[in-house]
Structure formats: structure tokens, C-alpha cells
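Notes follow the structure.
Both counts, for ligands and for their atoms, begin at 1 and track the order of listing.
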Amino acid sequence: MSSKKIVVIPGDGIGPEITAAAREPLVLAARKAGLDLQFTTCLAGGAAIDARGVPLPDDTLAAAQAADAVLLGAVGGPKWDGVAPDLRPEKAILGLRKALGLYANLRPVKVSESLAAYSPLKPEIVAGTDILIVRELTGGIYFGPKCESKTVEGVERAWDTEIYSAPEITRIVKMACQAAKGRRGKVTSVDKANVLASSRLWRRVAAAVAKEEGVEIGNMYVDNCAMQLVLGPKTFDVIVTSNLFGDILSDEAAVVAGSIGLLPSASIGDGPGLYEPIHGSAPDIAGQGIANPIGTILSAAMLLRHSLKAEAPAAAIEAAVDAVLAAGYRTADLYRPGLTKVSTNKMAELIIKQL
Ligand code: NAD
């Protein structure tokens with residue numbers, strides 16, 4: 001058996017419940033692939049502020065850097081809303097992203113027949129949707145030169161700057177192409193090349209990378225993509241885009257799926273990856289044992305696929321989740337009459353039984 005180091009950061013709110021529920025399915029699936037997982041639990045977010053006075057203690061950072069992968073619940077909550085901006089719980093996630101060099105954010109959005117009814121879109125439009133959004137995470141306008149306020153000729157102005165380098169574009173498009181090869185082989189690169197110079201470089205570099213990778217690539221303007229995600233989400237396979245466009249489009253795509261409790265995410269760089277559900281710490285339901293653990297369990301599947309290169313156990317977890325949902329089991333957030341309501345732990349048990 002080969003041994004892998006996993007750091008678990010439960011965080012705040014429902015974080016401890018959902019990361020606990022994800023642990024056994026992860027261990028079981030990994031063991032079947034000959035992987036022995038060694039876990040270390042670390043503090044971050046509000047829990048770390050309470051215990052250590054900072055959102056990201058040095059020992060958490062060191063453990064994450066030395067790990068093969070990090071599984072995170074969620075951070076934040078009303079208790080820490082009043083703390084100084086530099087000490088806010090979400091600084092922990094930004095700090096981890098920076099320290100681990102996580103330049104790519106992967107967000108799959110999958111809508112099976114049994115979940116199509118939860119979407120705000122018509123079931124026939126949304127059922128069968130299976131998109132992977134690959135968002136550039138460390139460049140672009142969020143990190144470019146900015147000015148908060150400057151008065152020029154008596155008029156107050158502010159600005160942000162979108163800058164992308166060819167190597168930044170190359171590595172993210174390459175990652176999207178490689179992901180597409182394990183899927184339906186189609187990449188859509190999203191930009192605003194009719195207006196932005198940075199988008200024109202993006203488009204040129206993306207075409208060259210796709211050619212080298214032998215992957216079919218299409219280009220789409222971001223405004224059109226926003227419409228097409230609602231009109232025909234099934235037409236997309238992999239979408240690759242900049243930090244700003246990806247931020248907006250990935251949230252739009254999440255709404256198409258209908259339940260934030262089900263969606264996982266991965267942030268990847270050259271070292272350990274960070275895996276977490278897309279939702280927050282849900283303080284309104286924390287400690288009640290009713291949170292949906294599926295987003296975290298599917299994040300654990302992504303951890304196996306991307307950081308441990310264990311495709312079979314990742315797919316096994318995803319199939320187990322599909323089977324449990326198809327059998328009509330739901331946590332409170334997705335419960336409807338005629339289905340079977342289960343707790344966080346019961347949902348995890350059912351998935352483990354399927355595995
Ligand atoms: P949220 O995602 O925590 O909750 C929004 C709604 O969805 C709530 O009604 C909640 O009960 C429900 N919900 C979320 N996840 C669920 C799950 N797994 N099962 C069942 N229901 C679920 O968003 P929010 O209320 O805007 O934020 C709450 C806190 O989380 C804030 O402090 C925010 O800053 C933080 N937050 C953290 C992250 C992160 O850690 N990555 C992301 C978003 C928000």
C-alpha cells in the first residue's frame with residue numbers, strides 16, 4: 001500500500017460535520033486502490049481565530065504544504081463578522097491558495113435525471129448537464145495594479161487592471177485540455193476578445209495550446225456564454241476562462257444545478273491541491289446533523305482524481321452518490337414529499353454502503 005498525507009481542515013459552522021462525513025468514503029475508496037491515507041486535522045478560519053488569534057496558524061500552513069492534498073469544510077460565520085479585515089476567517093483560504101500556488105479552480109456541475117427538478121431551469125433543458133469549469137485563479141484583474149481613488153482634473157477615479165502573461169494562459173488552458181481528454185474532449189475558451197487586448201492574447205495562446213494537446217477548442221464571448229449556460233447547458237463540456245469571468249460563470253452554473261449542497265470544487269497548482277464544497281459554513285443549520293455532506297464527499301472524489309491520480313476510486317464515489325440520490329434519499333435541503341429524508345451521517349452511511 002502506498003501512503004498519502006491528507007490534511008483535513010474542518011473550519012466553522014457545518015464544516016466539522018461535513019468533513020467528518022466525507023472521511024470514511026474517502027478512506028474506503030482509496031484503500032480499494034491500494035492507497036493508505038494518513039490524516040492530520042488542522043485549524044483555520046474562525047476556529048483558529050478563537051484558539052490562536054489568527055485565521056491561518058503557521059502549523060496549519062506548514063502541514064498543508066507538506067501534505068499530498070487538503071480537504072476543507074468551510075470557514076466563517078456571524079461570530080467573526082466584526083473582526084479586523086486582516087483577521088477575517090476567509091483570509092485563511094486566500095492564504096492557503098497563495099502559499100500552495102493554486103492557480104486553477106475546477107468546478108464540475110453535473111445534473112442527473114433525479115436532480116433536474118431542483119434546477120430553476122426546465123428539467124428537459126438541464127437534465128444530462130455535465131460541465132467542468134476551469135477558472136484561472138491567481139492572475140487577471142483581481143491581482144493587477146489598482147487605484148482606490150485618485151482625483152484627476154477635479155474628477156474622482158478608480159481603476160483595476162487586467163493583465164495576463166502567455167505562460168499563465170498556457171498552464172491553465174493545458175490543464176483544461178488534459179481534463180477534456182478524460183471527458184468528452186471539447187474545450188470552450190471564454191473571453192471578451194472583441195473588446196479586451198488581454199482576451200486577444202488569451203485566445204491566441206489558447207488556440208496554440210489546444211493544437212499542441214490535440215484537443216478541439218471553441219471560443220465564446222463571455223456575454224454569450226452567460227446566455228448559453230441557461231439556454232443549453234448540455235452543449236458544454238470543459239469551459240476554460242480567466243479569474244474574473246470564471247468567478248461569475250461558475251456561480252451561474254452552480255445555480256443551474258439547483259443545489260449548492262451538492263457541488264464540489266478543487267483548487268490546483270504544482271503542489272498539494274485544496275478540495276472543498278462550493279457552499280459556505282451554513283451557520284443557520286450548524287450542529288443539527290442535517291447538512292448535506294455530498295458536496296464535500298464529491299470534493300473528496302476530486303482529491304482522489306487530481307491529487308492522488310486515482311481515477312477508479314474517484315469514479316466509484318461519484319457513482320455511489322448518484323445511486324443513493326437515484327434511490328430517493330435526500331438531506332433536509334433537498335427533501336420533498338415522496339422521498340426519504342436522512343441526516344448528514346445517514347447520507348454518508350448510504351454512500352459507504354454503495355461503495
Ligand atoms: P452558505 O453557503 O453558508 O449558506 C447559504 C444557504 O445554503 C444557507 O441557508 C445554508 O443553510 C444553505 N446551505 C449551504 N450549504 C449547505 C449544505 N451543505 N447543506 C444544506 N444546506 C446548506 O452561504 P452564506 O450564508 O452566505 O455564508 C455563511 C458563512 O459562510 C459566511 O460567514 C461566509 O463568509 C462563509 N462562506 C465561506 C465559504 C468558504 O469557506 N469557502 C464560501 C462561502 C461563504
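Salt bridge status for Arg107 with Asp251: present, with a side-chain N to carboxylate O gap under 4.0 Å. Between Asp130 and Arg183 there is a salt bridge, since at least one side-chain N of the basic residue sits less than 4.0 Å from a carboxylate O of the acidic one. Note on Asp12 versus Lys79: no salt bridge recorded, every NZ/NE/NH1/NH2 to OD/OE distance being 4.0 Å or above. The pair Asp270-Arg171 does not meet the salt-bridge criterion, since no charged nitrogen lies less than 4.0 angstrom from a carboxylate oxygen. The residues Lys186 and Glu216 are annotated as not salt-bridged, no charged nitrogen and carboxylate oxygen being separated by less than 4.0 angstrom.
In this structure, a donor-acceptor pair under 3.5 Å is present between the side chains of Asn224 and Gln228. In this model, no donor atom of one side chain and acceptor atom of the other lie less than 3.5 Å apart for Asp191 and Ser199. With no hydrogens or angles considered, no side-chain donor-acceptor pair links Ser307 and Asp68 at under 3.5 Å.
Where the criterion is an N or O separation shorter than 3.5 Å, residue side chain and backbone included, Glu90 fails it with respect to ligand 1. For ligand 1, the polar-atom distance check against Gly280 finds a nitrogen or oxygen pair separated by under 3.5 Å. For ligand 1, one of its N or O atoms has an N or O atom of Ala282 under 3.5 Å away.
Among Ile9, Ile14, Asp333, Ile294, the residue whose heavy atom lies closest to atom 16 (C) of ligand 1 is Ile14.
Applying the 4.0 Å criterion to heavy atoms of Gly77 picks out, from ligand 1, the atoms 32 (O). Within ligand 1, the atoms closer than 4.0 Å to a non-hydrogen atom of Ala74 are 40 (O), numbered from 1 in the order shown. In summary, the atoms of ligand 1 found under 4.0 Å from a heavy atom of Gly76, numbered by their order in the structure, are 32 (O). In the vicinity of Glu276, heavy-atom distances shorter than 4.0 Å reach the ligand 1 atoms 41 (N). Distances below 4.0 Å separate heavy atoms of Ala291 from the following atoms of ligand 1: 19 (N). Remark: ligand 1 atoms within the under-4.0 Å shell around heavy atoms of Ile260 are 2 (O), 7 (O), 14 (C).
Other residues, nucleotides and ligands place more than 12 heavy atoms under 6.0 Å from the NZ atom of Lys234.
Across all non-hydrogen atoms, the minimal contact from Ala21 to Pro25 is O-CD, 3.2 Å. Considering every non-hydrogen atom in both Arg305 and Ala315, the closest pair reads NH2-N, 4.0 Å.
Shortest contact from atom 17 (C) of ligand 1 to any protein heavy atom: Asn292 N, 3.7 Å. Among protein heavy atoms, the minimum distance from atom 29 (C) of ligand 1 is reached at Ser281 OG, 3.2 Å. Given atom 8 (C) of ligand 1, the protein heavy atom at minimum distance is Asp284 OD2, 3.5 Å. For atom 15 (N) of ligand 1, the nearest protein heavy atom (residue, atom name, distance) is His279 CG, 3.2 Å.
Contact annotation for atom 21 (N) of ligand 1: protein present (non-hydrogen atoms, distance under 4.0 Å). Put simply, atom 27 (O) of ligand 1 has no protein non-hydrogen atoms near it, under 4.0 Å away. There is no protein heavy atom less than 4.0 angstrom from atom 24 (P) of ligand 1.
For residues 110-124, no residue pair satisfies the salt bridge (Lys or Arg N to Asp or Glu O under 4.0 Å) rule, not counting sequence neighbours.
At a heavy-atom distance under 4.0 Å, atoms from both the backbone and the side chain of Val75 approach ligand 1. When non-hydrogen atoms are compared, ligand 1 lies under 4.0 Å from neither the backbone nor the side chain of Asp12. Counting heavy atoms under 4.0 Å from ligand 1, residue Pro277 does not touch it at all. The side chain of Ile93, and not its backbone, has at least one atom closer than 4.0 Å to an atom of ligand 1 (non-hydrogen atoms only; side chain from C-beta on).
A donor-acceptor pair under 3.5 Å links the side-chain atoms of Arg200 to the main chain of Ala193, judged by distance alone.
Within the 4.0 Å heavy-atom shell around ligand 1 one finds Pro283.
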